[in-house]
There are 2 protein chains.
Amino acid sequence: MRAPRANSREKILAAAADVAREAGPGSLSLEAVASRAGVSKGGLLYNFPTKAKLMQGLVESYLRDFQKALEARTAESGHESALSAYIKLSADDCERPKPSASWIFSAIAEDPDFLTPIKAFKHQLLERLKEETSDLGSLLVCFLAIEGLRSMNLFDSDVLSEDEHKLLVASLLKIAG
Amino acid sequence: MRAPRANSREKILAAAADVAREAGPGSLSLEAVASRAGVSKGGLLYNFPTKAKLMQGLVESYLRDFQKALEARTAESGHESALSAYIKLSADDCERPKPSASWIFSAIAEDPDFLTPIKAFKHQLLERLKEETSDLGSLLVCFLAIEGLRSMNLFDSDVLSEDEHKLLVASLLKIAG
DNA sequence: CTTACTGTACCGGCTGGACGGTCTTGTCAA
DNA sequence: TTGACAAGACCGTCCAGCCGGTACAGTAAG
């Protein structure tokens with residue numbers, strides 16, 4: 001078996017995310033991704049036989065990374081609540097000026113059902129957080145506010161200043177207790 | 001001058017929103033919109049000479065309606081804060097099971113810059129709310145939570161049950177004071 | 001009143017280009 | 001030599017935008 005030059009799959013996934021971010025979600029074509037990944041179209045289609053499979057790969061890798069990051073956070077600050085860890089993780093994620101997941105828009109355009117696993121993931125996360133908190137109202141407020149933060153980052157709407165961002169996070173942590 | 005059969009522009013705009021919602025944002029083609037609006041492709045192109053112009057029309061009409069609804073809310077409940085009115089309006093908007101604005105995804109795919117006016121609108125709204133509140137932290141939490149609510153509705157992610165939705169709104173109104 | 005002309009609103013076939021996916025032809029490690 | 005894998009020319013489809021029509025209201029001259 002010929003060894004993959006580097007890990008082609010990873011490179012392609014990263015390239016796809018880059019293209020979507022830089023050229024816009026509407027310009028995410030197989031050729032563009034292949035060229036960006038330093039791979040031919042044939043090579044891309046070998047790894048992902050279909051555009052839909054590529055999208056699926058993006059979703060799965062995104063969810064895997066997210067889960068890993070969340071577990072790492074909750075583990076390293078074991079005395080805190082999982083909600084606090086989630087808040088901090090999200091705050092860090094959204095501080096990066098560039099939205100890292102514009103490819104989601106391409107996936108939705110391809111087929112709205114690509115959202116299903118993400119939906120399921122979030123639902124599961126919320127359920128886990130529920131088990132841990134006594135005050136459901138506060139939890140919901142925090143959860144939705146984080147969702148808002150992520151949404152703004154995704155839409156590249158930096159409506160909040162840096163100070164406001166910090167104040168928000170502090171307020172959320174206070175509510176979370 | 002021949003009178004327009006009905007207001008074609010409005011019909012076309014509504015049809016575009018319908019198509020995006022029902023067939024998915026990736027299937028928003030001019031032909032589909034024209035057919036849905038009971039208009040020929042030529043007729044559509046007469047009213048909106050370009051797909052981009054159609055998207056722009058959607059954005060403008062969306063923002064106009066939103067502003068109107070917000071003004072109506074704040075006027076009819078004059079003793080409350082504008083933030084409370086905004087919360088209630090958004091809660092109502094997001095109770096409708098069908099996301100009303102999936103066309104936004106089509107617009108982003110066409111050109112991410114279509115978000116600019118929406119961004120500006122939200123920024124302006126936040127500024128207006130700031131002038132009215134003493135506690136910036138609470139305002140930010142509420143504002144972002146609403147953003148999260150709207151985002152979930154947009155992505156058709158009904159992670160919250162009806163009871164949770166109500167609890168959330170109640171909690172937000174309490175925070176808003 | 002009638003005929004000729006003008007501008008508006010709309011129709012639908014056509015085309016050029018872009019894009020997803022296939023196929024043939026390499027290439028290199030084992 | 002063989003077989004896993006890459007390359008990129010090629011094909012069919014879809015779609016935005018163009019263009020040559022059609023219908024009809026108003027205007028105006030005869």
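Since we're looking at a predicted model, the values are computed, not measured. In the text below, chain A, chain B and the rest are named by the order of the sequence lines, each starting its count at 1.
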Subject >> Nucleotide nearest B/Glu31 when distance is taken to its side chain, options D/dA16, D/dC5, C/dC10 >> reply: D/dA16

**OP:** Check every atom of D/dA16, C/dT22, D/dA6 against the side chain of B/Lys51 and return the nucleotide holding the closest atom.
**Re:** D/dA16

Whole angstrom value for the distance that separates [atom2] of [N] from [atom1] of [X]:
X	N	atom1	atom2	value
A/Lys11	D/dC5	NZ	C1'	14 Å
A/Arg9	D/dA4	CZ	P	18 Å
A/Leu30	C/dC19	CG	P	10 Å
A/Phe48	C/dT22	CZ	P	16 Å
A/Met55	C/dC19	CE	C1'	12 Å

Original post:
Reckon B/Leu54 touches a base, only the sugar-phosphate, or nothing at all at heavy-atom distances under 4.0 Å?
Top reply: nothing

Subject >> Base D/dA16 to side chain B/Lys41, donor-acceptor N/O within 3.5 Å cut-off >> reply: yes

Original post:
Can a side chain N or O of B/Ser8 be found less than 4.0 Å away from OP1 or OP2 on C/dC10?
Top reply: yes

Original post:
So, is B/Asn47 near the phosphate of C/dA9, with a side-chain N or O under 4.0 Å from OP1 or OP2?
Top reply: no

Subject >> Reported CZ-to-CZ distance for the pair A/Phe105 and A/Phe155, which is rounded to 0.5 angstrom >> reply: 4.0 Å

Original post:
Mapping A/Tyr46 and B/Leu45 onto DNA chain D by nearest heavy atom, which one lands closer to the 5' end?
Top reply: A/Tyr46

Taking the basic N atoms (NZ, or NE/NH1/NH2) and the acidic carboxylate oxygens, is any pair closer than 4.0 Å for [X] and [Y]?
X	Y	result
A/Glu127	A/Lys130	yes
B/Asp18	B/Arg21	yes
A/Glu147	B/Arg150	no

Original post:
Considering heavy-atom distances to DNA chain C, does A/Glu110 or B/Gly42 have its closest nucleotide positioned more toward the 5' end?
Top reply: B/Gly42

